[in-house]
Number of protein chains: 2
Amino acid sequence: MDNNKLPDKTVERLSQYRRALLNASSGGKQYIFSHEIADLLHLTPVQVRRDIMLIGYSGKLRHGYNVKELIEAVSTIIDTKNKQKVAIVGVGNLGRAIMGYFKGKKSQLSVVAGFDINCDTINKEYTGVVCYSLEEMESIIRKNNIHIAILTVPGHAAEQTAQKLINSGIKGILNFTSHSLQVPSDVYLEEYDMITSLEKIAYFVKSE
Amino acid sequence: MDNNKLPDKTVERLSQYRRALLNASSGGKQYIFSHEIADLLHLTPVQVRRDIMLIGYSGKLRHGYNVKELIEAVSTIIDTKNKQKVAIVGVGNLGRAIMGYFKGKKSQLSVVAGFDINCDTINKEYTGVVCYSLEEMESIIRKNNIHIAILTVPGHAAEQTAQKLINSGIKGILNFTSHSLQVPSDVYLEEYDMITSLEKIAYFVKSE
DNA sequence: TCTTATTTGTTAATTATTTAACAATAAAAA
DNA sequence: TTTTTATTGTTAAATAATTAACAAATAAGA
């Protein structure tokens with residue numbers, strides 16, 4: 001709840017902590033040590049303790065952290081009060097895979113709409129998410145107060161589609177196309193390219 | 001070609017440079033400045049020059065870098081001499097999306113096999129990649145000398161499937177499940193969780 | 001030819017991130 | 001009750017990564 005922004009890396013890890021903690025909690029675990037969290041996520045215990053310190057939560061000495069409380073503490077930091085709505089732009093295999101990811105997971109983030117150049121040739125609905133045409137995109141995004149979009153269109157359409165998203169008031173984009181985007185400074189952009197991940201693996205595998 | 005391992009981050013950026021350079025090259029560009037590369041990829045010119053210095057390539061003063069030569073230079077660093085074979089384990093939407101990514105792209109990495117618990121209910125082949133049953137996995141991986149695997153099975157099957165991969169001689173895993181894996185130290189593991197990326201975006205969007 | 005402008009290559013400085021170290025302390029054991 | 005042990009919380013040190021600064025050099029222009 002403190003106002004000073006946390007480091008990028010810490011925010012990322014907090015999300016991972018919560019995932020691991022929810023897992024542990026559903027397995028019946030009530031308390032967890034920093035070194036247990038660290039082992040689960042390939043981190044060091046100090047790093048875990050430091051991150052938890054940064055969000056202002058305290059554990060019980062010699063007992064570790066109360067799992068449920070820590071989940072709460074992390075959540076008050078990384079969640080918004082209300083559900084955040086997410087749009088998926090490009091309802092191909094990748095778009096649908098992401099919709100599937102959210103199916104079932106009760107998250108503060110919910111995918112409320114899909115958009116595609118041609119929803120008619122694909123299923124009009126997938127795991128409860130309706131697919132709309134790109135023409136309807138701007139109005140639906142505005143009407144529903146959607147601020148986050150996941151871009152899973154083919155690379156050649158990335159730039160143009162992103163521009164439309166920005167014009168529609170989107171403030172955060174997760175770009176899965178292999179085309180790097182230019183966005184205004186008030187839009188938070190995160191890019192992920194699978195090829196890069198794979199090439200990195202290939203590099204470190206070959207030299208072993 | 002120098003033997004001392006490059007930093008993780010540099011390897012990642014080299015892959016991105018190549019992608020951007022190939023793009024530029026196919027657009028007819030012959031020379032490119034460090035600040036142009038930087039702009040394309042949200043980096044600083046110094047960082048680009050520094051990375052290029054690390055791989056031992058030199059540009060032309062006042063002309064920038066020869067695009068084709070730089071692509072070559074990057075490639076000799078991050079590619080293996082022979083094609084690296086990749087297996088995709090879990091041929092659902094995500095698995096197929098990744099297969100699609102490679103389709104067409106002429107890369108040193110090629111997806112040579114898919115594996116799934118039940119190939120019969122899905123298409124036996126997708127974009128040229130044949131889907132095999134999990135029973136055949138170990139023998140096919142060994143027979144074809146596959147060392148890299150992409151894990152796109154449902155979370156609950158992650159651990160067990162990863163174990164089979166390791167037993168089959170896989171040395172690099174790209175894990176897309178939301179379950180963090182434990183692997184021996186001679187296996188290079190890279191994990192990517194979409195939820196974490198999204199929650200990070202949500203965090204930085206809300207506090208703006 | 002000489003000067004100016006520009007861009008590379010590289011060292012030094014800075015900043016960010018991680019790790020080490022350890023005091024504090026509370027539970028468990030003696 | 002006293003001692004031992006284990007674990008947190010936090011400051012200080014170390015490491016890693018980025019950025020600044022600038023010399024070198026060459027092409028272009030005067």
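Naming: A, B, ... by sequence-line order, numbering from 1 per chain.
- Residues Arg19(B) and Thr196(A) are in side-chain contact: their nearest non-hydrogen atoms beyond the backbone lie under 4.5 Å apart.
- Phe115(A) pairs in a side chain to side chain contact (heavy atoms under 4.5 Å, CB included) with only one of the listed residues (Val91(A), Ile140(A), Ile88(A)), which is Ile140(A).
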Assess whether side-chain contact (heavy atoms from CB on, under 4.5 Å) is satisfied between Leu21(B) and Ile37(B), documenting all intermediate values. CA-CA 8 Å; Leu21(B) 290 167; Ile37(B) 300 176; 4.2 Å; yes

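- Judged purely by distance below 3.5 Å, without hydrogens or angles, the side chains of Gln47(A) and Asp51(A) never pair a donor atom with an acceptor atom.
- The separation between Leu54(A) atom CG and dT8(D) atom P is 16 Å, rounded to whole Å.
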I'd like a table of atom pairs between the protein and nucleotides 26-30 of chain C - only N or O on both sides, under 3.5 Å - with the distance next to each one.
none

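- Sorted by first and then second residue, the side chain to side chain donor-acceptor pair (under 3.5 Å) pairs with a member in residues 80-102 of chain B read Tyr126(A)-Asn93(B); sequence neighbours excluded.
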For nucleotides 16-23 of chain D, tabulate all protein N/O to nucleotide N/O atom pairs closer than 3.5 Å, reporting atom names and distance.
residue : atom : partner  : partner atom : Å
dT18(D) : OP1  : Arg13(B) : NH1          : 3.4
dT18(D) : OP2  : Arg13(B) : NH1          : 3.1
dT18(D) : OP2  : Arg13(B) : NH2          : 3.2
dT18(D) : OP2  : Gln47(B) : NE2          : 3.3
dT18(D) : O5'  : Gln47(B) : NE2          : 3.3
dT19(D) : O4   : Arg50(B) : NE           : 3.2

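- The side chain to side chain donor-acceptor pair (under 3.5 Å) analysis of residues 108-117 of chain A, with sequence neighbours excluded, yields no pairs.
- Sorted by first then second residue, the ring pair (Phe, Tyr, Trp, His ring centres under 6.0 Å) pairs that include residues 37-65 of chain A, not counting sequence neighbours, are Tyr31(A)-His63(A).
- Following rounding to the nearest Å, Asn66(A) (CG) and dT8(D) (P) show an atom-to-atom distance of 13 Å.
- Salt bridge Glu190(B)/Lys200(A): present, at least one basic N to carboxylate O contact under 4.0 Å.
- Applying a 4.0 Å cut-off to non-hydrogen atoms, the residues of residues 27-40 of chain A that approach DNA chain D are Phe33(A), Ser34(A), listed by residue number.
- For the pair Tyr57(A) OH and dT8(D) C1', the computed distance is 12 Å after rounding to whole Å.
- The pair Arg142(A)-Glu138(A) meets the salt-bridge criterion, with a side-chain N (NZ, NE, NH1 or NH2) lying under 4.0 Å from an Asp/Glu carboxylate O.
- Separating the CG atom of Asp51(A) from the C1' atom of dA16(C) is a distance of 14 Å, rounded to the nearest angstrom.
- Note: CE (Met53(B)) to C1' (dT8(C)) measures 12 Å, nearest angstrom.
- When each of Asp193(B), Leu151(B), Ile150(B) is paired with Phe176(B), the side chain to side chain contact (heavy atoms under 4.5 Å, CB included) condition holds for Ile150(B) and for no other.
- Smallest separation of non-hydrogen atoms from Ile78(B) and Ser15(B): CD1-CA, 4.0 Å.
- For the OP1/OP2 pair of dG9(C) and a distance below 4.0 Å, the side-chain nitrogens and oxygens of Ser58(B) include at least one atom meeting the criterion.
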